[in-house]
Amino acid sequence: MADDRADILLDMKHLRIEATVYPPGEKPHDIVIVEDVSLTLEKGKVLGLIGESGAGKSTIGLASMGYGRGAIRLSGEVWLNGRDILKGGVRELRALRGKEVTYVSQSAAASFNPAKRLMEQIVEAGLEHGVGGRRELEDRAVRLFGELGLPDPDHFGRRFPHQVSGGQLQRAMTVMALVPEPDLIIFDEPTTALDVTTQIDVLAAIKKAIRNTGVAAMYITHDLAVVAQVSDDIMVLRHGQKVERNTAEMIITNPAEDYTRALVSVRSIEHEEKKPTDNPVLVARNISAAYGNKVQVLKDVSVEVHPGQTLAVVGESGSGKSTLARVITGLLPPFQGSVRFGDRELSKALENRSKEDLRELQMIYQMADVAMNPRQTVGTIIGRPLEFYFGLRGAEKRRRIQELLDDIEMGEGFIDRYPAELSGGQKQRVCIARALAAKPSLIICDEVTSALDPLVADGILKLLLRLQKREDVAYLFITHDLATVKAIADSIAVMYRGALVRYGPKSEVLAPPFDDYTDLLLSSVPEMEIGWLEKVLATRRMESAGN
């Protein structure tokens, strides 16, 4: 029987979630995703679920709707509004999803139908469940548009998903979850895919919506500093089991378990800034570039990267960071400016560059999943540049692949695995090894830690710094995360709407007085402090470009 206290909305008891996996070359076997997790959530309260990828956070969140992705098996008890929803049938589950419980996913862009206007999709669940008429639901949505700071609330719903920014679309999805007036909302990493400046606006909107409506919420994330801003309590999970649960303040200030303490102290890397040399490895001068003949993305950008040093290029989405990388690699010829590498000027177009040009300039991409062929083994992936640039084959190539695996701390047992058998951090390490295999002078790292958990990202950054010190390789590190910049950079280029707004050694760029945009970026880095969000909103001098 469920807890009979009137304030308990959700009561999970001894939740166990299993699945059958089918690894390549192995017999199918059962795994446990969540093991014996119990929790309660009171009406109007927010519970944060935090932990690394694979901890079971999203799986537990979806279990509160009686839903399991794929062919997973749920057992235990999930009591919602006084009834065990796992004991009900399909009809009862359909009746509660989208009405009593709603869901806000990580990627709003993938959740909206691009062929339908926003309002049509936002009121759909409410109409389906009969919680109100179309006019009533649309009026409610317009009011929520205004409360969540969306532009032109009366007409915002007429837009299609592609006509709004990522931050605006994430807030529109929050409105969609609120319109049916549910008892519980599951927020599943709602700000992880956003840059730090946009994240602040979305986080503030979510917190305001929870406060104004009195809805209970489960907030899932791997960022402890973020979840501390919206949660009453926080539950820490690891490997499908509960590590600890306490108030947000106690988790931040006095964690009881070693794993929680590691989450609190993440990003404590100390990196001593190096002075620029007389001979930069890369010089980009007066770069202006456009897509087609109309959309100018870069405006007279000039930067240098020095041997064995890191230039961090920082800015929010749409500032031109990745476009600068595309110009440097020859994927997007600029209409103005030049790129010099060492003592030679590089051809503007990739197809006109020499094999040596290609070898010396490598790139590591943000999404390791789509940067590797899923049908090739780790050995084949890393071995490709060894064969292409140096002609290595057979035992000599395999020996060098193993050396590179040792360099990235993956050692024995990985050379014959496929990408599907690796974790997110391991996949990114393989991409690092593939870049190092070419023995480059410069590696462009394009948001290489943004999709990773903080602890995994911390390990990747430490690995990159160790390899840089040993190999004397230079990095051009593209990111929107100032915490990452502080940890690894020697010099910083701050970009805003295609132009450089601040550039120089790290010690100078991060020293006041700041221009408004650099101040916005620096103040938007989440801190392990209760009340930090309100303090930032009260003192910021400008809005992000996407909001």
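For reference, positions follow the sequence shown, starting with 1.
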Is a salt bridge present between [X] and [Y], judged by a nitrogen-to-oxygen distance below 4.0 Å?
X	Y	answer
Lys535	Glu529	yes
Asp201	Arg171	no
Asp233	Arg245	yes
Lys506	Asp490	no
Asp515	Arg502	yes
Glu471	Lys439	no
Lys462	Glu409	no

Do [X] and [Y] have a side chain donor and acceptor closer than 3.5 Å?
X	Y	result
Arg359	Ser441	no
Ser491	Gln309	no
Asp416	Thr377	no

Residues in side-chain contact (heavy atoms from CB on, under 4.5 Å) contact with [X], at least two apart in sequence or another chain:
X	answer
Pro385	Tyr389, Arg434, Ala437
Ala108	Phe112, Leu169, Gln170, Met173
Tyr103	Leu62, Met65, Ser105, Ile186, Asp188
Ser523	Val536

Looking at every non-hydrogen atom in both residues, tell me the closest pair between [X] and [Y] and how far apart they are.
X	Y	result
Val215	Pro182	CG2-O, 3.4 Å
Gly76	Leu86	O-CD1, 3.8 Å
Ile60	Leu39	CG2-CD2, 4.1 Å

Can you establish whether the number of heavy atoms outside [X] located under 6.0 Å from its atom [atom1] is more than 12?
X	atom1	value
Lys45	NZ	no
Gln402	CD	yes
Arg398	CZ	no

[X] side chain to [Y] backbone, donor-acceptor under 3.5 Å:
X	Y	result
Arg417	Gly413	yes
Asp11	Trp79	no
Lys321	Thr479	no
Gln229	Val226	no
Tyr475	Val305	no
Ser38	His14	yes
Ser231	Ile234	no
Arg261	Ala256	yes
Glu18	Val34	no
Gln428	Gly424	no

Practice item. Any chance you could lay out the side-chain contact (heavy atoms from CB on, under 4.5 Å) test for Leu148 and Ile206, step after step, and finish with the verdict? Key: CA-CA 8 Å; Leu148 271 63; Ile206 288 173; over 6 Å; no
Minimum side-chain heavy-atom gap [X]-[Y] below 4.5 Å:
X	Y	value
Ile492	Leu311	no
His271	Leu465	yes
Thr484	Leu461	yes
Phe187	Ile210	yes
Gln106	Pro190	no
Met363	Asp446	yes
Lys469	Arg466	no
Tyr259	Leu455	yes

**Study point:** Partner residues of Glu257 under the salt bridge (charged side-chain N to carboxylate O under 4.0 Å, His left out) criterion, sequence neighbours left out
**Key:**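 Glu257 satisfies salt bridge (charged side-chain N to carboxylate O under 4.0 Å, His left out) with no residue once adjacent residues are dropped.
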Review point. Where do Arg73 and Thr20 land on the side-chain hydrogen bond (donor to acceptor under 3.5 Å, both in side chains) test, with the steps shown first?
Key: CA-CA 9 Å; Arg73 300 180 292 278; Thr20 302; 3.3 Å; yes
Practice item. Test Gln426 against Phe414 for side-chain contact (heavy atoms from CB on, under 4.5 Å), laying out the working first. Key: CA-CA 10 Å; Gln426 289 169 341; Phe414 286 93; 3.6 Å; yes
Point to revise | Full working for side-chain contact (heavy atoms from CB on, under 4.5 Å) between Leu422 and Val378 | key: CA-CA 10 Å; Leu422 306 178; Val378 167; 3.8 Å; yes
Let me confirm one number: the [atom1]-[atom2] distance from [X] to [Y], rounded to the nearest 0.5 Å.
X	Y	atom1	atom2	result
Leu464	Phe477	CG	CZ	6.0 Å
Leu15	Thr59	CG	OG1	9.5 Å
Lys427	Ile432	NZ	CD1	14.5 Å
Thr323	Ile328	OG1	CD1	11.0 Å
Ile443	Ile364	CD1	CD1	5.0 Å
Ile200	Leu537	CD1	CG	6.5 Å

Practice item. Might you work through the side-chain contact (heavy atoms from CB on, under 4.5 Å) test for Val46 and Met218, ending with a clear yes or no? Key: CA-CA 6 Å; Val46 181; Met218 196 178 285; over 6 Å; no
Review point. Do Glu316 and Thr198 pass the side-chain hydrogen bond (donor to acceptor under 3.5 Å, both in side chains) test, and can you show the C-alpha distance, the side-chain angles, and the key distance before you say yes or no?
Key: CA-CA 8 Å; Glu316 62 193 0; Thr198 309; 4.7 Å; no
Review point. Which pairs with one or both residues in residues 48-57 pass salt bridge (Lys or Arg N to Asp or Glu O under 4.0 Å), sequence neighbours excluded?
Key: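 Qualifying pairs: Glu52-Arg238.
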Exercise for review: List the steps, then state whether salt bridge (charged side-chain N to carboxylate O under 4.0 Å, His left out) holds for Lys242 with Asp36.
Suggested key: CA-CA 8 Å; Lys242 181 171 76 173; Asp36 195 27; over 6 Å; no
